[in-house]
Amino acid sequence: MKRARAEVLNARRFGVYHSITVVAPEVAQRARPGQFVSIGMPQGRSFIFRRQFSIHEASRRGGWAGTLEFVFDRHGPGTSWLAGVRVHEFLDVIGPLGTAFAYPAKLNACLLVSEGHASAPMYFLAQELRARGKRVDMIVGAETHEHVFKPIEGKRLSQTFSIVTADGSLGERGSVLDALPGMLETTGAEVVYAAAPRPTLRAIAEMCLEREIPSQIAIEDEMPCGTGLCYTCAIPVIRKDGGGYDNLRACAEGPVFNPARILWDRWIGDAPGSAPTPPEGYAKVRTWPG
Amino acid sequence: MKRARAEVLNARRFGVYHSITVVAPEVAQRARPGQFVSIGMPQGRSFIFRRQFSIHEASRRGGWAGTLEFVFDRHGPGTSWLAGVRVHEFLDVIGPLGTAFAYPAKLNACLLVSEGHASAPMYFLAQELRARGKRVDMIVGAETHEHVFKPIEGKRLSQTFSIVTADGSLGERGSVLDALPGMLETTGAEVVYAAAPRPTLRAIAEMCLEREIPSQIAIEDEMPCGTGLCYTCAIPVIRKDGGGYDNLRACAEGPVFNPARILWDRWIGDAPGSAPTPPEGYAKVRTWPG
Amino acid sequence: MTTSALGQTIAVDLNGLVFSHPVLAASGCLSTGRDVPSVVDVHRLAGVVTRSITVAPSRGSVVPRAAETASGLLSHVGLQNPGVDEFLAKDLPRLVRAKVPVIASIAGTRLDEYVRLTTALDRRPGIVALEVYVSTSDEEFAGEPFHASPERLNEIVGAVARMSRLPVFVKLPPMLPELVETARVCIRAGASGLTLIDAVPGLAVDADRLQSRLAAPIGGLSGPAIKPIALAAVYQVAHVMPRVPIMGVGGVSTAADAVEFLLAGAWAVQVGTAMLVNPSAPVEIAQGIASYLKEKGISSPADLRGRLRVRGEPAGDAAS
Amino acid sequence: MTTSALGQTIAVDLNGLVFSHPVLAASGCLSTGRDVPSVVDVHRLAGVVTRSITVAPSRGSVVPRAAETASGLLSHVGLQNPGVDEFLAKDLPRLVRAKVPVIASIAGTRLDEYVRLTTALDRRPGIVALEVYVSTSDEEFAGEPFHASPERLNEIVGAVARMSRLPVFVKLPPMLPELVETARVCIRAGASGLTLIDAVPGLAVDADRLQSRLAAPIGGLSGPAIKPIALAAVYQVAHVMPRVPIMGVGGVSTAADAVEFLLAGAWAVQVGTAMLVNPSAPVEIAQGIASYLKEKGISSPADLRGRLRVRGEPAGDAAS
Ligand SMILES: Cc1cc2nc3c(=O)[nH]c(=O)nc-3n(C[C@H](O)[C@H](O)[C@H](O)COP(=O)(O)OP(=O)(O)OC[C@H]3O[C@@H](n4cnc5c(N)ncnc54)[C@H](O)[C@@H]3O)c2cc1C
Ligand SMILES: Cc1cc2nc3c(=O)[nH]c(=O)nc-3n(C[C@H](O)[C@H](O)[C@H](O)COP(=O)(O)OP(=O)(O)OC[C@H]3O[C@@H](n4cnc5c(N)ncnc54)[C@H](O)[C@@H]3O)c2cc1C
Ligand SMILES: Cc1cc2nc3c(=O)[nH]c(=O)nc-3n(C[C@H](O)[C@H](O)[C@H](O)COP(=O)(O)O)c2cc1C
Ligand SMILES: Cc1cc2nc3c(=O)[nH]c(=O)nc-3n(C[C@H](O)[C@H](O)[C@H](O)COP(=O)(O)O)c2cc1C
Ligand code: FES
Ligand code: FES
């Protein structure tokens, strides 16, 4: 974890997304997919929390060496401010933060499922998996075609690239949950990686648990500090020995978790009661990385 | 008093000052020298008060009709934000606010004394006095030559234009208080208008009182609302009948006051005890406008 | 304000005290009725709470009276007001002419002053309720604020309530930890409702000049900074006294803020500091509440009350 | 931290408890010593106040535990901590290795828990003082927080002070109107000093989802929003007890903020929320204090105490 006053090298848009590339060699060198950076907000604002963004790309080689890119859409004041940041300005960056996705040692076929801006880390992950000779398939979901995250790059990186939009304006109409069962089948996925809003994550995790496919999820819960100081980003995670659970920090012990170990019912959902209780399968899932 | 969502027509710099011209016909039409506008700050900031600025110019005729200009230097967050406002953006403007300088009915020779950004209304006043056939002389004080407010325009508008800087980098070295006695003499001033920080205003007022020259001062006390709602900008002003005093709102009953009616000792100074007690002359001064 | 244009009635009924919509001007931010600037659409407010009125005219406190703090305003005006007689002669008629319901805020330093104020104001046309300000220091009781002593509070509120035919609201600071108990004292003494909260005591310091920024030097903190504090106060009291009308005040700047208060248990809201920043805030907020209700398919502001869902379970699960 | 580079010693002496400079990490914002991120220069802090430690390990509260408010952070962690035994075994050694003075914050729900915590922590090398957290609810006394009852406070603080050879600070919320009286109770019971203030109770509501933003649902408000409230608390207590060391806490983000607290009467400051935003805030603040003192020609932080000039005269001059 390093802190840098990082110069903005590039600030551009694609679709509804904004992308910022900063010069932060010490952060970029260490970055792995699933990890994130924490960006300090400017002074004089009424919003004070740092904002966290998944690392979309970290260049360790070539002309862009020492840079890293993150991507976001406008949610509120923080991302609105960031959307106005220009080349040559400086950002207060801390990173890389949190845990990274683990690469499978023996298993091969990897299915990457993501929704909206949560897709940002998946392209970095796809690259790294491919570099390790794995098969990569992707499902990317979004509200509309404008929210589909980098479809061209996705196609380039994956064996099959499935797009699902809520309004059917690109790819299939529906949610990633509709596409997942079929894709699990057709791609012969042995490992699933997911990044999406919490209810979707839970459903994905359960589909995988039912099928006994190991999975990893990346969480985007609200994180005021991102550096592990405040303990407000707690996730109830079952202990390795199975004896009870601990409230782990999503920013430090996560954001990547094995969903089989998350105590979903204690981790408040956005519509409690609406999510199904975890299936019996829980206990059967082998330890990750398989 | 009108409120307008006013487009920025021009935003430029001269010296350390920033100038913004907005399109606000309803405000510009009514504006008189000494009055001010109140500018709303943007959302999402930790500074919430409206910021007040003297009207530097209000164009009622010609190509610029319906526009008004205000000028400021960077003090803190509000003016720093304003310094970044660009042409075609919109400002939340309320104005014209407060009382205006009164023009003398019979007296002729007007001396305008001001310091730093407080000089902003003086040029508007000079124009209006000249339009009424009055003699105008000016003293403009500043810390350094960079803080001298529009010297060329000042020269154009006045019979004699005296510049005083604290570091002697332009004009005489010293403060407007050093220049005032001489200028009162040489210009034969019959009326004095002053705008400056509070201690300077008090000293100017006392010099005028001693010499029985009527004067008017414009106050720039902190004003959270500027519209007369909050009553926090109180100034202790002796009643017309001489029986006691009232706490009047600098933004509504001011910012222009007859200093002879201000109860300076009740109105907290920045260095209490350091200012001299008001001279006996107080009672002798004729009612303004003389 | 006509909200029929929005196809939504947003009138509220505080146990008989009916307002055309739930957004009033808070005490102290619209003077006593004189000199209301034209940028405030007084007649479109649900009601105006006057700056607190005292028996004798008061010049208020020495300047500086205000300082800006992070998302807040620290102020001490010291109840500058023309006194009750001049208020009745000069200010009230203007508010009546503007056809806006008036809630007279009254402040005293002795029991007999509250009594005199109540008598003077109670039957005046245009005044629809009294709001009792109890943060003044009690001259008969060691100079502590009235709200500090349950006995004195009972005495003052009881006297006002008995003498008045109008609904009586008591305005309390977010006092800790006795807020609920203090609220109970007020209601038992005869108050019809509560106004929560008064500005929060605060100090601002100028490090550069080594001096306080207010002459007082302690003032009341208001504005967005205190919204969570006000919401907690409203929630805690509403929770135990769901049938007591509460006017929520503290940091309401937007319609969303107002809805937050209504969800927390307020029956109406008052807007203070936000009006200084945006003189049309109360009217915009009322319109925004109407839009919100429409969007959510909720039929009236009262239906928001008690509808706040608490996320998750009670806090602090013990380790096992 | 070596401040000799700045040619200014900024050590402070809290009646025998000496810190190399006046800026500590506040309780709860630097965990209990485990997992301190490398971006925090722990050894350059004047001291670390631990997250409040309980006898048994505690998982803390259900999420969501935090929400952003205007210039503030509303949080309810529910004292998640490893419990005193594991703290001593795993956390304390790390802090000792970092050579940072440790102030152990202790929290209980019964008298005997405070006693156990004091016994367990009192003679451990590295711990230089205890900070007694009294905002927990009193299981032996109707669940009210301990600070609500002078008797219980006297009992708890008295027991801790008697059993401890270390300086004992009591941390109070900005309770109104009894703050000064409560502070007196603590000092009479044997406390060496006070920490002012704990986070302010607050509520945040999500209007769109009609739900509280915290599961608790009431949390503690911290950050710049509460600075004026904390300053007022410090000022009021320091004014009547100038010889009692006070650690000021609440919204300190910059050196100017810290100086404001020292002027208001604090002997040292603690930094919480600001560290979450800027992990090197405490160190930068300490350096800024040194520069400030140098610029003003003031020889030590202690010389700022009591130096606050109140602008103008006392507030509220009556009309004549
Ligand atoms: C580890 C991590 C990685 C992230 N990566 C990315 C990324 O790559 N790209 C990206 O666009 N965003 C990402 N986010 C989310 C982003 O950090 C937040 O949305 C951030 O708060 C936006 O700031 P804001 O001021 O624009 O909106 P806020 O004011 O913070 O939020 C606006 C609205 O969105 C809601 N909200 C904010 N954050 C979340 C959340 N995490 N979950 C659900 N609701 C929320 C708020 O309650 C509010 O209603 C990530 C978050 C985390 C924790
Ligand atoms: C009627 C009126 C007319 C004004 N006209 C002009 C103008 O034409 N041009 C211009 O540049 N400014 C003018 N001002 C002053 C300007 O409104 C304030 O300086 C404003 O607060 C600046 O905002 P800020 O956020 O940049 O600084 P702030 O954060 O408000 O202030 C920065 C620092 O300056 C101090 N300060 C702020 N305002 C004052 C004040 N009025 N007197 C003394 N100290 C103060 C603050 O205490 C703080 O230390 C006028 C003020 C009034 C009331
Ligand atoms: C300038 C000013 C003057 C005030 N005067 C009074 C008053 O006379 N009586 C009173 O009960 N409250 C007074 N208040 C408190 C407000 O009515 C309100 O309780 C507080 O400001 C919180 O609301 P807000 O955040 O919307 O301003 C005053 C507040 C301000 C800002
Ligand atoms: C996330 C968080 C956790 C906290 N935990 C504790 C705690 O365990 N014990 C305690 O006494 N105070 C705790 N506090 C309160 C702080 O120590 C401090 O009193 C308060 O936050 C005000 O200071 P600040 O504005 O600098 O944050 C916590 C504050 C925060 C933000
Ligand atoms: S966000 Fe602060 S500990 Fe995770
Ligand atoms: S600034 Fe609010 S009344 Fe003058």
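Per chain, numbering begins at 1; letters A, B, ... match sequence-line order. Atom set for the values below is all heavy atoms of this structure, side chains included, hydrogens, waters and symmetry mates excluded.
- Side-chain atoms of A:Glu222 do not come within 3.5 Å of backbone N or O of D:Ala67 as any donor-acceptor pair.
- D:Ala274 does not touch chain A: none of its heavy atoms, backbone or side chain, sits under 4.5 Å away.
- For A:Glu253, the part lying under 4.5 angstrom from a heavy atom of chain D is the side chain only.
- For a residue to count as touching a neighbouring chain, one of its non-hydrogen atoms must lie under 4.5 Å from one of that chain's; by this rule D:Thr69 touches chain A with the backbone only.
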Intermediate values then yes/no, side chain to side chain contact (heavy atoms under 4.5 Å, CB included), D:Leu73 and A:Phe49
CA-CA 8 Å; D:Leu73 158 60; A:Phe49 289 7; 3.3 Å; yes

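- Looking at D:Ser280 and A:Arg3, their side chains do bring a donor and an acceptor atom within 3.5 Å of each other.
- Neither the backbone nor the side chain of D:Val36 comes within contact range of chain A; no heavy atom of the residue lies under 4.5 Å from a heavy atom of that chain.
- Other residues, nucleotides and ligands contribute more than 12 heavy atoms inside 6.0 Å of the CD atom of D:Glu284.
- In plain terms, the two heavy atoms of A:Tyr231 and D:Ser31 that are nearest each other are CE1-CB, 3.6 Å.
- Considering all non-hydrogen atoms of both residues, A:Cys230 and D:Val77 come closest at O-CG2, 3.5 Å.
- In this structure, A:Arg50 contributes its side chain and D:Asn278 its backbone to no donor-acceptor pair below 3.5 Å.
- Per-residue heavy-atom pair counts under 4.5 Å with chain D were compared for A:Ile48, A:Asp246, A:Ile235, and the maximum is reached by A:Ile48.
- Shortest non-hydrogen contact noted between A:Asn247 and D:Gln80 is O-NE2, 2.8 Å.
- For D:Pro279, the parts sitting under 4.5 Å from any heavy atom of chain A are the backbone and the side chain alike.
- Around the NE2 atom of A:His88, the shell of radius 6.0 Å holds no more than 12 heavy atoms that belong to other residues, nucleotides or ligands.
- Under a cut-off of 6.0 angstrom, the local environment of CD in A:Glu89 is crowded, with over 12 non-hydrogen atoms contributed by other residues, nucleotides or ligands.
- Between D:Arg51 and A:Leu229, the closest heavy-atom pair is NH2-O, 3.8 Å.
- Proximity to chain A is limited to the side chain of D:Ser75, based on heavy atoms less than 4.5 angstrom apart.
- Counting heavy-atom neighbours within 6.0 Å of A:Arg5 CZ, excluding the residue itself, gives a total of 12 or less.
- Between A:Arg51 and D:Glu68 there is a salt bridge, with a side-chain nitrogen of the basic residue lying less than 4.0 Å from a carboxylate oxygen of the acidic one.
- For A:Arg249, the part lying under 4.5 angstrom from a heavy atom of chain D is the side chain only.
- Of the listed residues (A:Asp221, A:Thr227, A:Asp92), the one with the most heavy-atom contacts under 4.5 Å to chain D is A:Thr227.
- Annotation for A:Thr232 and D:Arg65: closest pair O-CB, 3.4 Å, computed over non-hydrogen atoms.
- The parts of A:Ala234 that come within reach of chain D are both its backbone and its side chain, each placing non-hydrogen atoms under 4.5 angstrom from that chain.
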